[in-house]
Amino acid sequence: AQQLAESGGGSVQSGGSLTLSCKRSGFHYSDYCMAWFRQAPGKEREGVAAINEGGSTNYTDSVKGRFTIRQDNANNIVVLEMTDLRPEDTAMYYCAAAVGLWGRWYGMHFSADDFNYWGQGTQVTVSS
């Protein structure tokens, strides 16, 4: 069965850095999009960063220049490197996968309903 497992969340002060990892297992798709979403209490889920099998990336405007998504296909890991963290980045962060040609396209545009697989989430807390 396909599974996604996040790790690396924690608490940091404003301006700090964290790296989140998402380990894929049982994942055998040639066309896909991997993404990180986040959801803060009382707010809607938001797409943060996405990457497809070809290495193309997309970021929401609020994290451009601060967050980097990359993948290590040999080890089935997708990483979100977060720098210059701000209190507004505080949220539960989820790793998600959208598969197939349509899933890849919609996934790169953060269409949450098109993601087939989700991890359990990891908490990121940024204090001022």
I need the [X] [atom1] to [Y] [atom2] distance, nearest 0.5 Å.
X      : Y      : atom1 : atom2 : result
Lys23  : Ile77  : NZ    : CD1   : 5.0 Å
Leu80  : Thr122 : CG    : OG1   : 11.0 Å
Arg66  : Asp89  : CZ    : CG    : 4.0 Å
Gln123 : Leu20  : CD    : CG    : 10.5 Å

Could you list the residues that satisfy ring-ring contact (aromatic ring centres under 6.0 Å, His included) with Tyr94, not counting sequence neighbours?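 ring-ring contact (aromatic ring centres under 6.0 Å, His included) list for Tyr94, sorted by chain: empty.
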
Disulfide (SG to SG under 2.5 Å) pairs, two or more places apart, involving residues 65-128: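 Sorted result for residues 65-128: Cys22-Cys95.
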
Residue pairs, two or more places apart or on separate chains, that pass disulfide (SG to SG under 2.5 Å) and touch residues 34-75: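 Qualifying pairs, neighbours excluded: none.
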
Who pairs with Cys33 by disulfide bond (SG atoms under 2.5 Å apart), at least two apart in sequence or on another chain?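 Checked Cys33 against disulfide bond (SG atoms under 2.5 Å apart); zero matches.
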
Give the minimum heavy-atom separation between Ala98 and Phe115, together with the two atoms involved.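 So the minimum-distance heavy-atom pair works out to N-CD2, 3.4 Å.
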
Please find the pair of heavy atoms, one from Val126 and one from Thr90, that lie closest to each other, and give the distance.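 Smallest heavy-atom distance, with atoms named: N-OG1, 2.8 Å.
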
I'd like a table of donor-acceptor pairs (distance under 3.5 Å, sequence neighbours excluded) in which one partner is a side-chain atom from residues 100-111, with atom names and distances.
residue : atom : partner : partner atom : Å
Arg104  : NH1  : Glu53   : OE2          : 2.2
His109  : ND1  : Trp105  : O            : 2.8
Ser111  : OG   : Asp114  : OD2          : 2.5

Flag yes if more than 12 heavy atoms outside Gln39 fall under 6.0 Å of its CD atom; otherwise flag no.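 Counting other residues, nucleotides and ligands, CD of Gln39 exceeds 12 neighbours.
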
Check: Arg86 main-chain N/O paired with Ser14 side-chain donor or acceptor under 3.5 Å: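 No; judged by distance alone, with no hydrogens or angles, the pair does not exist.
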
Side-chain donor/acceptor of Glu6 to backbone N/O of Gln120, under 3.5 Å: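 Yes, the answer is positive, given that a donor and an acceptor are paired below the 3.5 Å cut-off.
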
Listed by chain and number, what are the side chain to side chain contact (heavy atoms under 4.5 Å, CB included) partners of Ala97, not counting sequence neighbours?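 Expected list: Leu4, Phe27, Met34, Tyr117.
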
Under the side chain to side chain contact (heavy atoms under 4.5 Å, CB included) rule, collect the residues that match up with Thr57, sequence neighbours excluded.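 Result, side chain to side chain contact (heavy atoms under 4.5 Å, CB included) vs Thr57: Ile51, Tyr59, Ile69.
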
List for me each residue that meets side-chain hydrogen bond (donor to acceptor under 3.5 Å, both in side chains) alongside Asp113, sequence neighbours excluded, and say none if there are none.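 By the side-chain hydrogen bond (donor to acceptor under 3.5 Å, both in side chains) rule, Asp113 matches no residue at all.
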
Treating Ile, Leu, Val, Met, Phe, Trp and Tyr as nodes and any side-chain heavy-atom pair under 4.5 angstrom as an edge, say whether Tyr93 and Val12 lie in one connected cluster.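 Shared cluster, yes.
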
Taking Val99 as the starting point, is it possible to reach Phe37 by hopping between hydrophobic residues whose side chains are less than 4.5 Å apart?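 Cluster IDs for Phe37 and Val99 differ.
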
Per-pair distances, 0.1 Å, donor-acceptor, side chain in residues 40-49, under 3.5 Å, sequence neighbours excluded:
residue : atom : partner : partner atom : Å
Glu46   : OE1  : Arg38   : NE           : 2.8
Glu46   : OE1  : Arg38   : NH2          : 3.3

Evaluate side-chain contact (heavy atoms from CB on, under 4.5 Å) for Phe67 paired with Thr60, printing each intermediate quantity in order. CA-CA 10 Å; Phe67 290 12; Thr60 192; over 6 Å; no

side-chain hydrogen bond (donor to acceptor under 3.5 Å, both in side chains) contacts touching residues 69-82 (sequence neighbours left out):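 Passing the test, one end in residues 69-82: Arg24-Asn73, Arg24-Asn76, Tyr32-Gln71, Tyr32-Asn73, Arg70-Glu81, Asp72-Asn75.
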
